[in-house]
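Naming convention: chains lettered A, B, ... in sequence-line order (proteins, then strands); numbering from 1 in each chain.
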Amino acid sequence: MPELPEVEVVRRGLDTWVRGRTVCDVEVRHPRSIRRHEAGAADFAGRIVGRTFTGASRRGKYLWLRLGEPDECPEQELAALVGHLGMSGQLLVESSDAPDEPHLRVRFRFEDEGPELRFVDQRTFGGLAVADMVDDGAGGQVPWPVAHIARDPLDPLFDDAAFVRRVRATDAGIKRVLLDQTVVSGIGNIYADEALWRARIHGERPASRLSTAGVRDLLDHARAVMAAALAEGGTSFDALYVNVNGQSGYFDRRLAAYGQEGLPCPRCGRPIRRSAFMNRSSYFCGTCQRAPRGRPAPER
DNA sequence: CATAGATCCTGTATGC
DNA sequence: TGCATACAGGATCTAT
């Protein structure tokens, strides 16, 4: 479940259901799902078996389970199991009696013989790896594959002013900048379109041509829409996007633009339009969100 | 350097 | 029914 609210729903579920539990077995059923763990499946399993998950953390769309060090100081966390759900990844906590999912990729069993943790991923764009922790430059630590990811707008340490400066320093279209996880993390195609609709900004407007107040307003809307989605358990159109217990969120009922092609704009009533963007789609109101001059959005 | 495009996968929906 | 095409919520690598 790809964007920030959905990943946060999963993080909370992991923190509730696997924190404090010790892994006794790791079964890698598809090598592609651990391709970021370059040392391979045996090393991956060897670095987790016998360890205790001491908590679940998240930055943007990445999440990780911190691994305690049983042999030395139990409080020490030198590594973590890092995950990214990609387009179709799920982390499910369920009984060992439950039949294997068709796209079950990695299974974790626990010493307590309670419910197991499964990584299920249809398209295998997601993946897991064990990675050492590095300093994040603000007194904290993150696994090294996450070090290049910016903080997300719901992070208390997110720097609004620095974000505004960075956005206004680039000439790319504002939607592309919103999706750049090194600028701001957690925003994907749904919440980019929703935030732009709320802020009445067309995604192809060059970021450098937005005012400081305009960028701040857009950031506020991104924050608000993701917080609202989180409060409803995230957005899901189908069974692919579920929490660790297999349940879907309800925010799809609140979407104003994304996926609403042809339906009336909730603000002005004109039909929501769709245009091609980065091998997928952008949804927007052609009336509320004026296209930049000289660059009409191609209908498809 | 910054930016745009192609690519990795599998499944579902739609149209001929 | 069969087959082809378009599309799906992402990140990363490559080319320009």
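- Distance CZ (A:Phe119) to C1' (B:dC9): 13 Å, rounded to an integer number of Å.
- Counting non-hydrogen atoms under 4.0 angstrom, A:His148 reaches the backbone sugars and phosphates but no base.
- Ion pair A:Asp193/A:Arg280 not flagged as a salt bridge, since none of the NZ, NE, NH1 or NH2 atoms sits closer than 4.0 Å to an Asp/Glu carboxylate oxygen.
- Of all nucleotides listed (C:dG10, C:dA11, C:dA8), C:dA11 comes nearest to the side chain of A:Tyr62.
- If A:Ala169 and A:Met278 are placed on DNA chain B by their nearest nucleotide, the residue sitting closer to the 5' end is A:Ala169.
- Between the CG atom of A:Asn189 and the P atom of C:dA11 there is a distance of 11 Å, given to the nearest Å.
- Rounded to a whole Å, the CG atom of A:Asn279 is 10 Å from the P atom of C:dA8.
- Within the nucleic acid shown, A:Ser236 comes within 4.0 Å of at least one base atom, counting heavy atoms only.
- Comparing A:Leu179 and A:Gln122 along DNA chain C, the residue whose closest nucleotide (by nearest heavy atom) sits nearer the 5' end is A:Gln122.
- At the phosphate of C:dA8, neither OP1 nor OP2 sits under 4.0 Å from any side-chain N or O atom of A:Ser88.
- As rounded to whole Å, 8 Å separates atom C1' of C:dG10 from atom CD of A:Gln181.
- In the interface, the side chain of A:Arg280 is not paired with the base of C:dG9 through any donor and acceptor atom under 3.5 Å apart.
- Contact annotation: A:His84 reaches the phosphate of C:dA11 (side-chain N/O to OP1 or OP2, under 4.0 Å).
- Of the nucleotides present, C:dC3 is the one that pairs with B:dG15 by Watson-Crick or G-U wobble criteria, both distances under 3.5 Å.
- When the side chain to side chain donor-acceptor pair (under 3.5 Å) test is applied to A:Asp97, no partner is found at least two apart in sequence or on another chain.
- Look at C:dG9: it lacks any Watson-Crick or wobble partner with both distances under 3.5 angstrom.
- When only modelled atom types and interatomic distance are considered, A:Arg105 and A:Thr124 share no side-chain donor-acceptor pair under 3.5 Å.
- Look at A:Tyr283 and you'll find a side-chain N or O under 4.0 angstrom from OP1 or OP2 of C:dA8.
- Taking only side-chain atoms of A:Glu3, from C-beta outward, the nucleotide of B:dG5, C:dG10, B:dT10 with the closest atom is C:dG10.
- For the pair A:Pro102 and A:Arg32, both in contact range of DNA chain B, the more 5′-proximal nearest nucleotide belongs to A:Arg32.
- When the P atom of C:dA11 is taken as reference, atom CG of A:Asp180 falls 10 Å away, rounded to whole Å.
- One side chain, A:Tyr191 or A:Thr235, offers a donor N or O that lies under 3.5 Å from an acceptor on the other.
- For A:Arg36, the side-chain atoms get nearest to C:dT12 when compared with the rest of C:dA8, B:dC9, C:dT12.
- Under the 3.5 Å distance criterion, with hydrogens and angles disregarded, a donor-acceptor pair is assigned to the side chains of A:Gln141 and A:Asp135.
- The side chain of A:Lys61 has C:dA11 as its nearest neighbour among B:dT10, C:dA11, B:dT3.
- B:dG11 sits 22 Å from C:dA11 when the P atoms are compared, rounded to a whole Å.
- OP1 and OP2 of C:dG10 both lie 4.0 Å or more from every side-chain N or O belonging to A:Arg123.
- With a cut-off of 3.5 Å on both Watson-Crick or G-U wobble distances, the partner of B:dA4 is given as C:dT14.
- Straight-line distance from the OH atom of A:Tyr191 to the P atom of C:dG9: 12 Å, rounded to whole Å.
- What separates CD1 of A:Ile174 from P of B:dT3 is a distance of 12 Å, to the nearest Å.
- Residues satisfying the salt bridge (charged side-chain N to carboxylate O under 4.0 Å, His left out) test with A:Asp252, not counting sequence neighbours, are none.
- Stacking annotation: A:Phe125 is stacked on the base of C:dG10 (ring centroids less than 5.5 angstrom apart, interplanar angle below 30 degrees).
- Using a 4.0 Å cut-off between a side-chain N of Lys or Arg and a carboxylate O of Asp or Glu, A:Glu27 and A:Arg109 qualify as a salt bridge.
- As a whole-Å value, the separation of A:Glu6 CD from C:dG10 C1' is 13 Å.
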